[in-house]
Amino acid sequence: MNMKDLNLDMTAFWMPFTNNRQFKSSPRLLVKAEGMYYTSSDNRQILDGTAGLWCVNAGHCRTEIVEAIRQQAGEMDFAPTFQMGHPKAFEAASKIAAITPQGLDRIFFTNSGSESVDTALKIALAYHRARGEGQRTRLIGRERGYHGVGFGGISVGGISPNRKAYSGQLLPAVDHLPHTLNIKEAAFTKGQPTWGAHLADELERLVTLHDASTIAAVIVEPLAGSTGVLVPPQGYLQKLREICDKHGILLIFDEVITGLGRLGKPFAAQYFGVTPDIITMAKGVNNAAVPMGAVAVKTNVHDTIVNAGNTGAIEFFHGYTYSGHPLAAAAACAALDLYKNEGLFERAAKLAPYFEKAIHGLRDLPNVIDIRNLGLVGGIEMSTRDGKPGARAHEVFVKCFEKGAMVRYTGDILAFSPPLIVSEAQIDELFGIVAEAIRETA
């Protein structure tokens, strides 16, 4: 199969987060997937170094998930969850609650990470209002944070290109912590840097500036992915938790990327030993087989909101037509069983040292200025060409695809997050291709 055989008209599809003119002039099309590999439109095997988009944690087209979706579609294609219900949604929620940190056992379904973030922010505001502190409306995000593309998410997010076109209409009463990356102090750190825990103290400064009684929640990615793999310094997340507890502020972990085994535990909260009040998730929750997201909430937060409502009234005015969609819920149940039965989270933990050694083996290549990693997540930062930010990493990305590997890039940072079924030989294959591409890029 090739482009001519496909006979595609690419005019109508306005592609997301893509240079449309550039892509459509030289498209990279995927037509099939299985296990660790995609098949391109020219019939080449492409090693998936990014789990699709940080999401296909169990590998592609797993029979158990495919059959669960097929069966559910044949039995019931859709059922509303507004004042109604269906068994698979409750089953999926119970399976998620069984692996979340202790106490975060109330699950609200969404359809994406962006929706999960906006839902979490609403829950935080509703919680404080229900407990008589409705003046707590301020939200604290972090520079270089990525929390999806809803107006709530881009308001608390801190990536400039995602914000600038909409800056006049972002949420008010939002502030940001500094990001934690410092290449000068922590370049080529393996795992968590020892420098940087003090950056959490900036939250105390914001509390002093705005007054704690006005702040509803702090939202951070435990490990920031989309901005280029920013690993939290040792002690940093613990300090955030302590400061939030001190001032009655909710702590939200955005685990859309880190959730479901990426760091070798069900959630990053368990890896770091820090329990937030709310966790957002999506992507790996059902292996990305059907769009789905979720928010896990501490029991007391849920109960405060629900018990404050009048008897017979809706307690939380929020939801989506497809919340807990039958096909998505069936896929989630199958994926969660697959993760457990195959021990994929534990497998990721065992592979992490090998992955770390392999990625840091590229540190002496041309134009590489930093390498960062944790679990089965890695980032390689390259120096920027004068006046052409992102051009060098984009060229490496294209060369990798041509050589048979799919990687991610943001700015001049290459990002890696292979499915948890990856083998040591495939890790070697992935970084062997990356090394060749980097050497060939001036």
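Here, residue 1 is the first one in the sequence, and each next residue gets the next number.
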Who pairs with Arg131 by side-chain contact (heavy atoms from CB on, under 4.5 Å), at least two apart in sequence or on another chain? Tyr127, His128, Glu133, Arg136, Thr304
How would you list all residue pairs meeting ring-ring contact (aromatic ring centres under 6.0 Å, His included) that involve residues 156-183, not counting sequence neighbours? none
Where the side chain of Gln72 meets the backbone of Ala68, is there a donor-acceptor pair that is under 3.5 Å apart? no
Taking the ring of Phe431 and the ring of Phe416, is the distance between their centroids below 6.0 Å? yes
Close side-chain approach of Thr137 to Pro172, heavy-atom, < 4.5 Å: no
I'd like to check Thr299 versus Arg106 (side-chain heavy atoms, cut-off strictly below 4.5 Å). Are they in contact? yes
Contacts under 3.5 angstrom, residues 305-312 side chains, donor-acceptor by atom type, not counting sequence neighbours:
unit_1	atom_1	unit_2	atom_2	d
Asn307	ND2	Asp303	O	3.1

Just grab all the ring-ring contact (aromatic ring centres under 6.0 Å, His included) pairs involving residues 195-219, residues at least two apart or on different chains. Trp195-His198
Please report, to 0.1 Å, the donor-acceptor pairs under 3.5 Å made by any side chain of residues 281-295, with sequence neighbours excluded.
unit_1	atom_1	unit_2	atom_2	d
Lys283	NZ	Leu53	O	3.0
Asn286	OD1	Ala288	N	3.2
Asn286	ND2	Val290	O	2.9
Asn286	ND2	Ala328	O	3.3
Asn287	OD1	Asn57	N	2.9
Asn287	OD1	Ala58	N	2.7
Asn287	ND2	Gly59	O	2.9

One pair to check against side chain to side chain donor-acceptor pair (under 3.5 Å): Asp48 and His60. What are the steps and the verdict? CA-CA 9 Å; Asp48 185 359; His60 294 276; 2.7 Å; yes
Is the shortest side-chain heavy-atom distance between Arg392 and Ser383 below 4.5 Å? yes
Given side chains that start at C-beta, do those of Val174 and Arg138 come closer than 4.5 Å, heavy atoms only? no
side-chain contact (heavy atoms from CB on, under 4.5 Å) involving Ala217 - partner list, sequence neighbours excluded: Ala124, Leu139, Leu250, Ile252
Hey, are Gln71 and Glu75 close enough side-chain-wise for a donor-acceptor pair under 3.5 Å? yes
Can you give the donor-acceptor pairs under 3.5 Å from side chains of residues 181-189 to other protein atoms, not counting sequence neighbours?
unit_1	atom_1	unit_2	atom_2	d
Asn182	OD1	Lys184	N	3.1
Asn182	OD1	Glu185	N	2.9
Thr189	OG1	Ala186	O	2.7

Between His302 and Phe108, is the ring centroid distance below 6.0 Å? no
Within the structure provided, determine whether Ile380 and Ile413 are in side-chain contact (heavy-atom separation under 4.5 Å). no
Any residue meeting salt bridge (charged side-chain N to carboxylate O under 4.0 Å, His left out) with Arg205, in chain and number order, not counting sequence neighbours: Glu202
With sequence neighbours left out, write down each residue that passes salt bridge (charged side-chain N to carboxylate O under 4.0 Å, His left out) with Glu34, or none if nothing qualifies. none
So which pairs with a foot in residues 245-276 pass ring-ring contact (aromatic ring centres under 6.0 Å, His included), sequence neighbours left out? none
With sequence neighbours excluded, what pairs up with Glu356 under the salt bridge (charged side-chain N to carboxylate O under 4.0 Å, His left out) test? none
Does a side-chain heavy-atom distance below 4.5 Å link Pro193 with Gln234? no
Where the side chain of Arg347 meets the backbone of Leu420, is there a donor-acceptor pair that is under 3.5 Å apart? yes
With sequence neighbours excluded, tell me which residues meet salt bridge (charged side-chain N to carboxylate O under 4.0 Å, His left out) with Asp277. Arg241, Lys298
